[in-house]
Amino acid sequence: MRTSAPFFRPLGRLRIDEGVLAECRELATEIAAPVDHLAATHTTTSIERACLRLVGVDGIEGRGVEAVPIPNRVVDEIGASVGLERGALIPFFDAVASCGGDIDAAADAIAGRALTPRWPQGADRDDAARRAKEAAAAAVNCIEAAATARRDVVERVGEAERPWLYLIVATGDIHEDIPQAQAAARNGADVIAVIRSTGQSLLDYVPFGATSEGFAGTYATQENFRLMRAALDEVGEELGRYVRLTNYASGLCMPEIAAMAGMERLDMMLNDCMYGIMFRDINMQRTFIDQHFSRMVHALAGIVINTGEDNYLTTADAVDSAHTVLASQFLNERFAFTAGLSEEQMGLGHAFEIDPDVPDQILLELAHAQLIRECFPNAPLKYMPPTKHMTGNIFQGFLYDGMFNLIGALTGQDIVLLGMMTEGIHTPFLSDRDLALENARYIFGGAAGLGGELRYEAGGAVERRAAQVLEECRQMLRKVADIGMFAAIEAGMFADTVRTPAGGKGLAGVVQRAPGYVNPVADELSRRLGIGA
Amino acid sequence: MRTSAPFFRPLGRLRIDEGVLAECRELATEIAAPVDHLAATHTTTSIERACLRLVGVDGIEGRGVEAVPIPNRVVDEIGASVGLERGALIPFFDAVASCGGDIDAAADAIAGRALTPRWPQGADRDDAARRAKEAAAAAVNCIEAAATARRDVVERVGEAERPWLYLIVATGDIHEDIPQAQAAARNGADVIAVIRSTGQSLLDYVPFGATSEGFAGTYATQENFRLMRAALDEVGEELGRYVRLTNYASGLCMPEIAAMAGMERLDMMLNDCMYGIMFRDINMQRTFIDQHFSRMVHALAGIVINTGEDNYLTTADAVDSAHTVLASQFLNERFAFTAGLSEEQMGLGHAFEIDPDVPDQILLELAHAQLIRECFPNAPLKYMPPTKHMTGNIFQGFLYDGMFNLIGALTGQDIVLLGMMTEGIHTPFLSDRDLALENARYIFGGAAGLGGELRYEAGGAVERRAAQVLEECRQMLRKVADIGMFAAIEAGMFADTVRTPAGGKGLAGVVQRAPGYVNPVADELSRRLGIGA
Amino acid sequence: MSALLRPYGDATGDGRVQLSFTLPIASSERARQAALELARKMGFAEPQVVHMKEMGPDFSFFIVYGATAHSVDPAGLTVAEPDFPLLPSPEINRIIRDSLKRQLVVVGACTGTDAHTLGLDAILSMKGFAGDKGLEYWQEMRIVNMGAQVSPGEIVAAVDEHAADAVLVSQVVTQRDAHIFHLQEVHAALTEAGLRDRLILVGGGPRFSPDQAPALGFDRIFGRGTKPSEVASYLAWKVGRRAGLSEADLTRAATLA
Amino acid sequence: MSALLRPYGDATGDGRVQLSFTLPIASSERARQAALELARKMGFAEPQVVHMKEMGPDFSFFIVYGATAHSVDPAGLTVAEPDFPLLPSPEINRIIRDSLKRQLVVVGACTGTDAHTLGLDAILSMKGFAGDKGLEYWQEMRIVNMGAQVSPGEIVAAVDEHAADAVLVSQVVTQRDAHIFHLQEVHAALTEAGLRDRLILVGGGPRFSPDQAPALGFDRIFGRGTKPSEVASYLAWKVGRRAGLSEADLTRAATLA
Ligand code: B12
Ligand code: B12
Ligand SMILES: Cc1ncc(COP(=O)(O)O)c(C=O)c1O
Ligand SMILES: Cc1ncc(COP(=O)(O)O)c(C=O)c1O
């Protein structure tokens with residue numbers, strides 16, 4: 001039972017100062033420019049691996065814990081022989097040429113050191129470039145086909161009504177995840193996210209095949225993606241409603257996972273311009289470069305990105321730092337635009353994380369959620385439930401989740417991640433999820449129609465709070481623009497966390513492009529997206 | 001943690017048609033007139049017993065299940081000898097005179113049949129009348145003193161902030177009730193109601209002494225009142241906040257229980273003009289007569305009555321019958337006025353009882369609650385939680401209770417009876433109550449400040465629903481006025497329940513007053529209240 | 001499905017169960033240990049107190065998660081599977097006609113001090129319950145709804161007066177086992193009056209379970225969420241059996257309840 | 001208070017407990033009976049299934065109330081009562097000074113793949129927790145906060161480098177007992193490096209309970225809601241004891257933790 005009223009986004013409820021809004025966007029553009037320049041002049045090991053995967057390189061070498069994915073081996077060998085400054089694709093397709101056009105054979109030969117990559121010259125170079133270009137076009141076709149295929153399936157089985165109820169599964173075992181995800185879909189989930197095993201984000205490779213041994217999450221692998229997408233397609237047919245699948249294009253392998261997501265028709269991806277920096281201590285240069293590439297893939301694959309601003313409020317105070325969420329959203333929006341994402345693909349994240357003991361907590365959450373709704377009228381906002389203040393009191397926690405759903409309903413949030421009453425205790429039980437859906441069905445059914453009815457007192461507490469957060473955001477962006485993005489992060493301006501430009505994991509994988517850098521996949525992506533590479 | 005904003009009653013939020021409102025009040029006056037006339041021309045065994053109790057008759061004759069309260073014995077003997085048409089007080093005080101002015105001795109003598117009551121004549125009559133009048137004045141002083149004493153205690157220990165959180169205890173054993181009530185008060189309850197044992201309302205006498213064997217409730221006895229009031233005074237001193245006590249002036253002994261409540265300084269009493277008729281099948285004449293007397297007592301004792309319209313929605317559908325609640329409130333208001341109650345003593349009842357599966361349930365509940373708030377701007381409304389649609393799913397039930405609290409907070413309900421997550425299962429556990437308080441503290445702390453902020457779209461769904469209910473109420477009152485109160489009840493217009501004027505329990509206790517009827521207690525009450533007897 | 005059932009939290013066989021309870025002790029590490037010990041006595045391996053809340057100076061509330069060591073063999077349970085068929089409406093009327101050659105007379109009441117009539121009304125009145133019409137709907141039944149707070153003596157009198165075939169007793173209040181006590185009272189009064197054996201005696205209420213019938217001397221007891229059509233089917237089936245109708249005749253066009 | 005503790009619902013000794021769990025079986029009367037049987041195996045008298053909810057074709061969720069037959073003797077429990085005194089701030093500094101004649105060096109880390117630093121930061125950083133300042137606040141302590149995802153080898157190296165006196169390990173993720181495993185790894189690495197004995201080894205995280213310390217080879221383990229001042233007191237007390245300070249000297253001006 002949803003509601004009698006169709007979903008809509010209530011706007012114009014708070015008299016937002018359009019001047020401040022415009023200034024925030026200008027500041028974000030100003031801040032993003034040098035970072036985008038960085039991305040345009042660098043590549044990373046993971047971007048090169050992603051491109052190899054897209055043109056068909058896959059598989060592993062070795063077994064068990066010793067296993068190394070072939071894309072890693074190939075990029076490592078190219079790096080060691082000719083270097084990565086001019087990209088991996090030309091040397092790779094040169095090898096392909098010498099293997100009679102067989103991509104697998106070339107990859108195996110390089111990985112097995114039977115063939116040493118070289119930078120071809122003259123006609124060889126032109127041949128490799130032609131091959132690379134053709135393969136890139138095919139790869140990019142395949143990504144674009146994901147978007148078309150999704151549209152087709154949705155049209156055939158039926159689209160889910162908004163808001164989309166989003167649930168996570170996290171057993172660690174894909175075979176246990178599948179029935180749980182199907183059960184959740186049957187009970188009303190519109191989006192399933194398979195949480196990753198702790199630590200995957202720090203792996204500088206993507207595990208291979210179906211997996212069953214994650215901790216508090218299941219490894220993101222291409223095979224796991226495929227299995228879950230198929231399971232959800234099956235249940236979607238049964239239900240007459242397309243069930244979306246989400247994973248994480250985040251961590252050291254962000255570009256590769258984005259590529260896998262494109263190939264396996266995932267629908268949404270967690271993908272943030274700063275999450276890895278703040279929460280995984282991944283080097284900031286690496287992150288900014290990787291996110292640009294991965295976003296181009298998402299853009300073309302019709303994937304909705306989900307940004308991670310909600311996480312800020314787990315480390316910082318949700319009242320004091322409300323404006324940092326908004327500031328990061330303006331930045332994520334800017335970086336998304338420059339990577340070719342449309343507004344309707346920007347699942348900007350925010351969260352209901354104010355301490356329930358704070359007086360007027362519900363009023364404040366409403367003000368924040370409505371403000372964000374008004375700032376991004378065309379974005380499918382992703383609204384995250386309370387986590388930090390969830391305790392072992394599952395009854396009270398169930399109620400917090402209900403108030404979260406209510407604020408979501410009243411402010412027209414598009415993607416609603418359902419809270420779990422046991423958030424303070426363990427990764428969700430099957431029944432936790434079922435109860436969460438019942439909670440959401442009740443609240444959305446009962447209150448979504450109210451969203452259209454509510455007005456707030458002009459100059460009242462809700463409006464004043466919203467204006468204050470927007471103003472604090474403007475001031476923050478001003479400061480970031482003054483000192484630059486890197487310095488701002490170094491000053492701990494986001495998530496109360498301090499990171500240095502050369503610190504964190506993965507800097508070694510960042511490579512400045514040399515003048516002759518060639519990446520036909522990236523080129524083709526930007527061409528089709530109509531953006532500068 | 002309550003909220004940053006002080007309690008207030010949001011008004012003027014719905015553009016209520018003042019004309020319709022005024023018409024409803026006129027119709028209620030028209031409907032009430034003949035009923036009030038009935039009360040003015042009749043008495044009941046319970047009214048006479050109440051008067052005897054007020055002048056000091058108490059105790060029991062016999063033991064155990066055979067025990068009969070002395071007030072019952074005396075009224076029965078007077079009825080059997082001289083009849084009750086002229087009231088019990090003159091014959092009783094005639095007996096007092098003949099017992100040397102000793103009230104106990106006279107009561108015992110009549111009860112023990114050592115003395116046969118008579119209607120005195122001449123000087124004896126005058127003497128009895130004088131004695132009765134003096135005793136009545138003392139009795140009424142004592143009732144009025146309850147109001148003064150309450151004011152004093154409140155001033156000394158401190159007043160509870162509104163809304164008042166109201167909790168029930170119902171162990172059946174007063175000695176188990178007391179620690180539970182104290183625990184509830186310590187955790188934040190402002191009002192404690194001791195639920196009565198099932199069936200007490202049908203007893204045509206009031207049990208005696210401290211009791212420990214009720215079913216799903218504890219017997220209302222004067223001693224139980226005294227014990228609980230003392231326990232709450234004790235905990236109130238400890239907490240620096242006066243904790244109110246509530247019981248039921250309802251059922252066949254409504255007037256007597258009202259009298260006991262006045263004597264023991266209870267603070268609120270469940271007291272409705274029709275509840276007994278509908279839900280206990282008590283004769284309607286008996287009920288209307290009794291409620292008038294009991295309300296005079298409440299009026300002078302400074303007791304807030306709680307009406308029972310919430311109950312209607314347990315038997316009838318809460319959407320279809322919303323207007324019957326409002327109609328009954330206009331009637332209860334009218335009957336309260338004629339009995340001398342001030343608006344601030346009218347705890348008009350209503351409830352959150354719409355099926356949670358009904359689309360827009362939360363919107364509709366908000367519309368109903370706000371409408372009632374606007375219709376009775378000065379009444380301390382008593383808002384009742386969901387009961388009928390509470391199932392064994394305690395998690396979902398906890399959430400319904402939370403939404404109830406929310407609507408209560410947003411619409412400025414004064415007296416909020418907290419829902420129990422186990423409502424569908426058993427009478428409350430100690431922990432159910434504690435969790436309910438935590439629920440309420442969170443919601444009121446988080447949302448009460450929002451009440452001042454909200455406006456509803458002009459001509460929108462909330463306003464339209466409110467207008468519809470008010471209009472349906474007007475039409476219903478019109479019909480009741482046309483056919484008269486008794487016929488309306490006979491037609492099943494309230495609570496979907498059909499009752500006949502001569503049906504139900506207790507008609508035998510109704511006595512038409514003879515021309516010489518004398519009741520100095522009632523006279524003194526009306527005199528001090530400034531109303532016609 | 002494996003033979004043995006174990007609770008399922010987020011993995012097959014993990015045995016996870018959630019508990020909550022109050023102990024009459026102030027909150028402390030000792031109180032927490034007491035809660036854990038209690039859970040262990042219930043058979044929990046590695047219980048965890050995830051919430052301990054002081055409720056005044058004398059009580060603490062606990063929420064505990066743990067893995068139970070117990071499992072259940074569902075095949076080994078004696079389940080009071082519905083032994084009567086769910087009959088379509090016309091069949092119910094037909095069977096009663098065939099069996100009695102007159103209307104089936106049903107007396108219904110809430111006994112004791114119980115004033116919860118909604119459950120009984122849901123079964124008896126035309127209005128019915130959950131989209132299902134009540135017994136009054138069947139033309140071959142005559143319903144005498146005595147309402148609430150009816151004493152066993154009044155029920156006996158009504159059975160006499162109306163020559164009832166079936167008595168339906170509702171009980172909603174269960175504190176101190178009031179519902180058990182009141183059904184026993186009705187049973188005793190009918191037995192005493194020598195009426196028990198010629199009657200179909202049916203109880204009902206939200207906290208009953210069907211397996212309680214034999215111990216209380218009732219023919220059948222219905223629990224929470226009963227639909228009127230189930231009760232109608234049961235009565236027709238029972239009356240048909242008593243009249244000697246064949247099982248095949250009785251279950252014509254029936255589905256299993 | 002009576003010697004034996006029994007759960008309290010709404011009357012002394014009524015033993016009432018609430019349970020919830022999922023069984024891998026479709027909803028049916030048999031499933032309900034299975035839930036009741038499970039409750040009975042846990043020692044419940046007259047359990048009641050108050051809620052049975054089908055979750056897809058393979059699972060049902062149950063809520064059960066019942067009266068447990070078990071009780072607990074609180075006096076008979078072995079409770080890891082805090083054995084160290086809660087010390088006022090200046091005392092903590094004084095004891096460290098008196099014992100070591102230099103700063104106490106504390107190395108803290110979240111080990112394994114655990115990236116939950118908030119708990120450790122709450123204990124270590126100046127900002128602290130729940131109004132209590134973190135260990136960095138005490139001038140006689142030097143804190144090396146290694147952050148998250150630190151391997152046991154890195155911890156060993158840091159202990160060496162900083163000549164640490166105490167190691168504080170945080171573990172928040174508990175799925176598949178990851179927290180147990182990771183503490184064991186750190187213990188093994190320190191033992192192997194021959195450092196274990198000269199260190200105060202402390203663990204912490206929301207799902208630990210103090211009585212787990214001995215089995216894991218830790219000196220002390222802190223659970224949910226730990227305050228930094230408790231940890232500071234513990235470290236000072238432990239260091240003082242090792243330095244041979246008298247119990248009286250150590251508990252000067254202390255309250256019991
Ligand atoms: C409505 C209601 C009332 C109404 C009753 C109106 C009326 N005319 O019936 C009013 C407001 C009057 C009321 C009063 C009281 N109530 Co009341 N009330 C409820 C409530 C909210 C709903 C019950 C209901 O009607 N459900 C809907 C019907 C359709 O369902 P049902 O009864 O389960 O019936 C179904 C089946 O059980 C079965 N069935 C039932 N009877 C029969 C009989 C037969 C023969 C068959 C075949 C089937 C059958 O079929 C029905 C259809 O499926 C419940 C709480 C809840 N959510 O359950 C409390 C509840 C039942 N009440 C309760 C109490 C304590 C009282 C009072 C005693 C409180 C007091 N001391 O004042 C009073 C007094 C009543 C009295 N003397 O008995 C308690 C009982 C606790 C317990 N387990 O012992 C409950 C559970 C609330 C609580 N948690 O405390 N109540
Ligand atoms: C904040 C948070 C995050 C943040 C962490 C940010 C950060 N820098 O720490 C982010 C968003 C990054 C995050 C991510 C994840 N999280 Co997380 N997260 C939480 C959350 C909401 C709060 C935890 C918290 O910080 N509490 C506040 C601190 C102060 O309390 P504390 O940790 O209990 O610490 C206190 C005591 O335990 C003790 N203490 C703790 N450590 C130590 C150490 C010592 C030496 C001492 C003396 C004391 C001590 O003292 C502290 C103060 O009292 C919890 C849910 C919840 N409400 O508890 C989930 C939770 C811990 N997360 C969980 C999971 C699964 C994850 C992920 C693995 C999910 C995923 N697969 O993506 C990821 C990955 C993280 C990883 N690799 O480890 C699960 C763990 C389930 C389990 N029991 O196994 C939880 C319980 C949520 C859930 N129900 O699923 N998370
Ligand atoms: C943007 C983003 N990426 C990734 C994650 C999860 O991260 P990881 O798998 O790196 O722990 C989150 C967590 O919420 C996130 O918001
Ligand atoms: C006005 C009124 N009187 C009495 C009662 C309780 O009644 P009784 O004790 O008669 O069952 C209620 C129940 O809510 C009520 O609203």
Side-chain angles (χ1 to χ4, degrees), chain C residues 1-2 5-13 15-26 28-39 41-44 46 48-50 58-59 62 68-82 174-176 206-207 209-211 224, chain D residues 1-2 5-13 15-26 28-38 41-44 46 48-50 58-59 62 68-82 174-177 206-207 209-211 224:
Chain C
M1 196 204 326
S2 86
L5 290 179
R6 290 198 73 199
Y8 180 107
D10 73 342
T12 304
R16 296 284 157 181
V17 173
Q18 172 268 327
L19 301 175
S20 76
F21 51 82
T22 297
L23 291 179
I25 183 173
S28 65
E29 177 57 19
R30 183 171 298 276
R32 209 177 66 83
Q33 290 294 343
L36 290 173
E37 182 60 18
L38 190 71
K41 287 199 174 170
M42 294 178 194
F44 286 84
E46 299 180 22
Q48 279 192 33
V49 170
V50 299
D58 305 321
F59 297 97
F62 298 90
T68 180
H70 299 295
S71 57
V72 174
D73 178 3
L77 295 168
T78 43
V79 176
E81 301 284 6
T174 60
Q175 210 193 30
R176 299 170 183 231
R207 304 262 75 85
S209 125
D211 43 297
R224 182 175 195 98
Chain D
M1 196 205 322
S2 87
L5 290 179
R6 290 199 72 199
Y8 180 107
D10 73 342
T12 305
R16 296 284 156 181
V17 173
Q18 172 268 329
L19 301 175
S20 76
F21 51 82
T22 297
L23 290 179
I25 183 173
S28 66
E29 178 57 19
R30 183 170 297 277
R32 208 177 66 82
Q33 289 295 342
L36 289 173
E37 181 60 20
L38 189 71
K41 286 199 175 171
M42 293 178 195
F44 287 84
E46 300 182 20
Q48 280 192 32
V49 170
V50 299
D58 305 321
F59 296 97
F62 298 90
T68 181
H70 300 295
S71 57
V72 174
D73 179 1
L77 296 168
T78 42
V79 175
E81 302 284 6
T174 61
Q175 210 191 31
R176 299 169 184 231
D177 284 337
R207 304 262 75 84
S209 124
D211 42 297
R224 182 174 196 99

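For the numbers below, each heavy atom of this structure counts, side chains included, while hydrogens, waters and symmetry mates do not.
Residue C:Phe44 touches chain D through its side chain alone, counting heavy-atom pairs closer than 4.5 Å. Contacts of D:Ala26 with chain C are absent, with no heavy-atom separation under 4.5 Å from either backbone or side chain. With a 4.5 Å cut-off on non-hydrogen atoms, D:Ser28 does not touch chain C at all.
Distance check: D:Tyr8 OH to C:Asp58 CG gives 9.5 Å after rounding to the nearest 0.5 Å. Residue D:Asp73 holds its CG atom at 9.5 Å from CD of C:Glu37, rounded to the nearest 0.5 Å. Note that the NZ atom of D:Lys41 and the NE2 atom of C:His70 stand 8.0 Å from one another [nearest 0.5 Å]. If you take CD1 on C:Ile25 and CG on D:Leu5, they are separated by 5.0 Å, rounding to the nearest 0.5 Å. Taking CG from D:Leu77 and CZ from C:Arg30, the interatomic distance works out to 6.5 Å, rounded to the nearest 0.5 Å.
When C:Gly43, C:Ser20, C:Ala34, C:Pro7 are compared by the number of non-hydrogen pairs under 4.5 Å with chain D, C:Ser20 comes out ahead. Options C:Ala69, C:Ser71, C:Gly9 differ in how many heavy-atom pairs under 4.5 Å they form with chain D, and the most are formed by C:Ser71. For chain C, the option among D:Arg32, D:Gln175, D:Arg224, D:Glu46 with the highest count of heavy-atom pairs below 4.5 Å is D:Arg32. No other option in D:Val72, D:Thr12, D:Val49 has as many heavy-atom pairs under 4.5 Å with chain C as D:Val72.
With contacts defined as side-chain heavy-atom distances shorter than 4.5 Å, the pair D:Ser209/C:Gln48 does not qualify.
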Derivation of the side-chain contact (heavy atoms from CB on, under 4.5 Å) call for D:Arg207 and C:Val50:
CA-CA 8 Å; D:Arg207 304 262 75 84; C:Val50 299; 3.7 Å; yes
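Between C:Val17 and D:Leu19 the shortest heavy-atom distance is CG1-CD2, 4.2 Å. Residue C:Asp211 comes nearest to D:Glu29 through the heavy atom pair OD1-OE2, 4.5 Å, listed as atom of the first residue, atom of the second, then distance.
A donor-acceptor pair under 3.5 Å is absent between the side-chain atoms of C:Arg16 and the main chain of D:Phe21, judged by distance alone.
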